[in-house]
Amino acid sequence: MVKNLVYFFPHLRSMQNSREGESPAAELALENKPITEYMVGPAPLEGTNFDEDWACYRDDDVIRQQDAIQAVEAEKIPLVGDKEHILALAEEFQSGSPVIQSKIKLLSEKYSNLRRTRGDGNCFFRGFMFSYLEHILDSQDGSEVDRIQSSIVQCKKALQDLGYAEFTFEDFFMLFIEQLQCVFNGHGDSYGHDELLKRSQDPSVSNYVVMFLRFVTTGEIRRRSDFYEPFILGISDSSVDQFCKTAVEPMGAESDQVQIIALSDALGVPIRVVYLDGSTTSLEVNHHDFIPTLQDEKTQSNEGSESKINQSPEPFVTLLYRPGHYDILYAK
Amino acid sequence: MLDAARVQKELVECNKDCHISGISVDLHRDGSSLYHLTGTISGPLDTPYEGGAFEIDIVLSESYPFQPPKMQFKTKVWHPNISSQNGAICLDILKDQWSPALTLKTALLSLQALLSAPAPNDPQDAVVAKQCLNDHTTFVATARYWTEAFAMRTTVGTEEKVKKLMEMGFPENLVRSALENVKGDENMALEKLCSG
């Protein structure tokens with residue numbers, strides 16, 4: 001159970017800049033196995049000892065070692081998991097804090113199921129991807145598909161205007177539109193939930209969609225840098241450009257409010273984030289709705305749900321946030 | 001599988017304005033593999049690297065552009081963030097700050113910027129870094145010496161040979177490939193060009 005607590009409170013371990021999921025899981029993996037199991041670098045030279053070998057290790061060796069650790073992790077949790085009963089969460093915290101136990105109980109009154117995503121730093125984007133595509137698959141909402149496609153055209157234009165070379169992002173955009181068309185009646189009955197899950201677990205589809213969403217997010221933040229600058233300065237003391245380069249564009253960079261607001265705004269998709277943590281200030285399970293600002297309102301301020309809740313539809317993308325990680329939630 | 005279409009587009013894009021940027025990328029030794037490339041950057045003006053042409057070995061993995069390109073200086077260079085032993089580079093975008101939004105060209109531009117702005121407090125080569133911090137004059141002089149010794153000799157030589165052979169009336173592309181084939185020997189290249 002120690003493992004789950006670490007997973008649940010990764011911020012205790014490293015408050016800053018850790019890649020979500022990666023640090024606790026990777027460290028645990030290293031604790032449990034001899035380090036040689038991850039050694040994929042150059043074979044030790046004859047007559048040298050370990051310390052000297054270390055000097056031979058270079059970036060690609062480190063990257064390969066990280067890949068090896070990730071591969072071990074991959075066997076534990078797929079990129080997107082199966083639908084589970086919401087109370088499966090409780091099992092994780094049997095010996096955990098009673099506050100969390102009772103919060104999970106509260107959660108189960110409103111939400112029936114949970115779908116886990118891998119803690120590889122991309123969990124917010126991955127959760128959004130699956131949840132959105134599954135909604136289109138279930139609803140077959142043609143007007144939503146038309147709407148998001150026109151938003152995507154705007155996002156593409158924004159990136160072009162910002163000076164991004166087209167070949168760096170076009171493949172990612174194409175692949176997402178392809179997935180969208182597949183879930184929207186594209187292949188008739190042959191495309192169902194199983195196929196969506198299979199593709200979401202396949203890195204060659206899933207990672208492309210994640211990268212598409214990262215492009216959309218970075219484009220939105222840069223396009224409206226005046227709006228985002230104070231937020232970014234407040235949380236990271238870096239410029240908009242630095243923030244995008246380090247916290248949005250690299251795969252595995254974890255997401256927070258700024259990225260959520262930007263993605264929701266850029267694609268015009270409302271997102272509900274339900275917060276579950278060990279805080280005792282209130283024994284409720286709070287949520288926050290990220291409601292996109294309409295295109296023509298974008299010059300005005302966007303302060304989330306409070307002001308717009310009346311005219312906004314219920315978000316159909318709902319994510320469960322535990323410090324450092326996002327999973328997908330299903331309402332009853 | 002490597003995204004071959006993207007790599008090809010990158011090569012074209014990068015070499016389009018190489019006269020302005022001072023940056024180019026080609027297949028490694030005129031090979032046919034898109035996995036192994038050679039980049040060239042010109043040393044930035046007003047630095048000890050000015051006038052040098054630095055070759056960088058580039059290896060792409062199957063999962064490029066999701067994984068960063070592996071880059072290493074082939075030309076010896078005296079710089080705190082580049083190993084004076086093997087050319088290994090300490091630069092965040094070649095590690096965890098890599099993004100598929102970056103390209104070979106932007107990575108090489110970053111290397112060029114790194115030459116302009118050494119970061120001795122985050123070193124790859126501790127000896128160079130120490131010198132850079134404690135004895136900057138010697139550092140600059142050593143870096144300049146290494147540039148002249150390793151980054152200028154071959155390139156300047158080659159350009160002179162190319163010019164000479166072109167003045168004899170041979171087209172540039174033939175001159176260059178002939179020189180390449182004989183590893184820069186001017187007389188052998190001339191013989192090759194004459195024999196057809």
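A note on names: the letters A, B, ... follow the listed sequences, proteins ahead of strands, and every chain is numbered from 1.
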Return yes if a side-chain donor-acceptor contact under 3.5 Å exists between Thr38(B) and Glu55(B), otherwise no. no
Using non-hydrogen atoms only, which part of Asp92(B) is less than 4.5 Å away from chain A: side chain, backbone, both, or neither? neither
Counting only heavy atoms closer than 4.5 Å, note whether Gln85(B) contacts chain A via side chain, backbone, both or neither. neither
Tyr64(B) OH to Leu34(B) CG distance, which is reported to the nearest 0.5 Å: 11.0 Å
Is any NZ, NE, NH1 or NH2 atom of the basic residue among Asp3(B) and Lys9(B) found under 4.0 Å from an Asp or Glu carboxylate oxygen of the other? no
Ion pair Asp202(A)/Lys198(A), N-O distance below 4.0 Å: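 Salt bridge flag = no for Lys198(A) with Asp202(A).
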Residue part contacting chain B, namely of Phe172(A), when any heavy atom lies under 4.5 Å: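 Only the side chain of Phe172(A) comes within 4.5 Å of chain B.
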Less than 4.5 Å to any heavy atom of chain B: does that hold for the side chain of Phe169(A), its backbone, both, or neither? neither
